[in-house]
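Proteins get letters first, then strands, A, B, ... in listed order; numbering begins at 1 in each. All values below were derived from every heavy atom in this structure, side-chain atoms included, with hydrogens, water molecules and symmetry-related copies excluded.
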Number of protein chains: 2
Amino acid sequence: MTLLRTQGYAATTVDDICAAAGVTKGAFFHHFRSKEDLGVAAAVHFSTWLEALFARSGWRDHADPLDRVLAYVDFRIAIFRGAIPHFTCLLGMMVQETFATHPAIRAACQDGITIHAAPLCDEIAATMQARGITGFTAESLALHAMAVIQGAFVLAKADGGPDLAVDSLRHLRRYVELLLTAPQEHQGNAA
Amino acid sequence: MTLLRTQGYAATTVDDICAAAGVTKGAFFHHFRSKEDLGVAAAVHFSTWLEALFARSGWRDHADPLDRVLAYVDFRIAIFRGAIPHFTCLLGMMVQETFATHPAIRAACQDGITIHAAPLCDEIAATMQARGITGFTAESLALHAMAVIQGAFVLAKADGGPDLAVDSLRHLRRYVELLLTAPQEHQGNAA
DNA sequence: AGGTACATACCAACCAGTCGGTATGCTGGC
DNA sequence: GCCAGCATACCGACTGGTTGGTATGTACCT
């Protein structure tokens, strides 16, 4: 996972993976039909690892659904620490490389992102219903959060550090707060 | 450029590029010292191409600086048409693959993004000054816009189409409008 | 004459994937 | 308790094709 997040899918060779994992090529191809098969498995594995990480964080342990949404963003911000390959997203990285050439990997990455966004979407929907907020869908806001997060990773990689990315997530936090606490007049057309 | 945006840097071979360009390998290595050199040149070329595209769009042809900022976002939204490799960003894609392994390409991508954000940053600053808005920096908002745009490209690639990406940009538009037309009480701590 | 702009032929390293072989463990018959 | 029969897990040398890059030659312009 670290190897793929550092070099990307295409630049990571099967030999690299075997050396890092301390296994032989025979063992690799015994467990994976092809390199693409490993890509799919890596996406699935990353997805489940991510869910476990967020479950442990306890971002949903708040009475008010709005607090849960904000806690999600806060936890996201808190994660931006250490080396870049350690906090960036394998799904967003791999899907950029493979969307046109490896449909199976693309689909696995899409699934991972969708699954990850689902609970956030639920909390946003709960907040909207509790406060009678309309004008946009909970799903579009949850996916917008995913976009900001993925974009923040790109900025961090371009800049060589997490500072710009964190600033961007703070803007996301402010937007969510504005939207979900705003009086009704703020709503535009649906997004 | 299309080749790199479709397959990525690592998966695109020099032979691929030569075939697409209709030149021989000798000609290629006459003009570029290495493949990495081409990567840098591609980033620079994309950057200048992008500036020309936005200059032509006339997004700055508005009296009010806020209208200019919104026109920028609107033009961004309008661009999401056609095949994915045609509207996505080479800089964001390449920097993800090369940030750890090809410092020269990473730097070229960073430059391109910074240069592109500069005029938007100026217009945001002008809006903030004209309306006395404080509480965040123009630079952080401009870079947040870059993050949303890059993230939108990731979503488009994962989803196989531009719809989610456009929704996300509409959220960005709403945020910019909220921030830059809001009464002063909305400001939090600096981002 | 000499430099620029190519073309052609070529190379060593590397790539994903294969293949014959081995070590180990499980299952059922006796 | 023991062994045959078989499946799973794994090894590592090998292969055919590909890779970025080079060496050498040549057409053309000044």
Quiz item: Side chains of B:R60 and B:D122: does their closest heavy-atom pair fall under 4.5 Å?
Solution: yes
Exercise. Using a cut-off of strictly less than 4.0 Å between a heavy atom of the residue and any atom of DNA chain D, enumerate the qualifying residues of residues 97-108 of chain A by number.
Key: none
Practice problem: With a 4.0 angstrom cut-off to heavy atoms of chain B, pull out the first and last contacting nucleotide of DNA chain C, in 5'-to-3' order. | Solution: C:dA5 to C:dT8
Practice problem: State, with a plain yes or no, whether a side-chain heavy atom of B:W59 is found less than 4.5 Å away from one of B:P119. | Solution: yes
Self-check item: Interface residues of residues 18-33 of chain A with DNA chain C (non-hydrogen, below 4.0 angstrom)
Solution: A:K25, A:F29
Self-check item: N/O donor-acceptor pair under 3.5 Å between A:R173 side chain and A:V73 backbone
Solution: no
Quiz item: Between A:D74 and A:R68, is a salt bridge (charged side-chain N to carboxylate O under 4.0 Å, His left out) present by the stated rule, with each step listed?
Solution: CA-CA 10 Å; A:D74 288 336; A:R68 297 199 280 268; over 6 Å; no
Quiz item: What's the shortest heavy-atom distance between B:T12 and B:G8, and which atoms?
Solution: OG1-O, 2.6 Å
Quiz item: Can you check the A:D15 CG to D:dC11 P distance for me, whole Å?
Solution: 14 Å
Quiz item: What are the two closest non-hydrogen atoms of B:A142 and B:A117, and how far apart are they?
Solution: CB-O, 4.1 Å
Exercise. Locate the shortest heavy-atom distance separating A:L90 from A:A42; write the atom from each residue and the value.
Key: CD2-O, 3.7 Å
Exercise. Grab the two heavy atoms, one from A:F99 and one from B:M93, that are nearest each other, plus how far apart they are.
Key: CE2-CE, 4.1 Å
Practice problem: Indicate yes or no: at least one non-hydrogen side-chain atom of B:F46 is less than 4.5 angstrom from one of B:C89. | Solution: yes
Exercise. With the side chain counted from C-beta on, respond yes when A:H171 and B:L179 share a heavy-atom pair under 4.5 Å apart, and no when they do not.
Key: yes
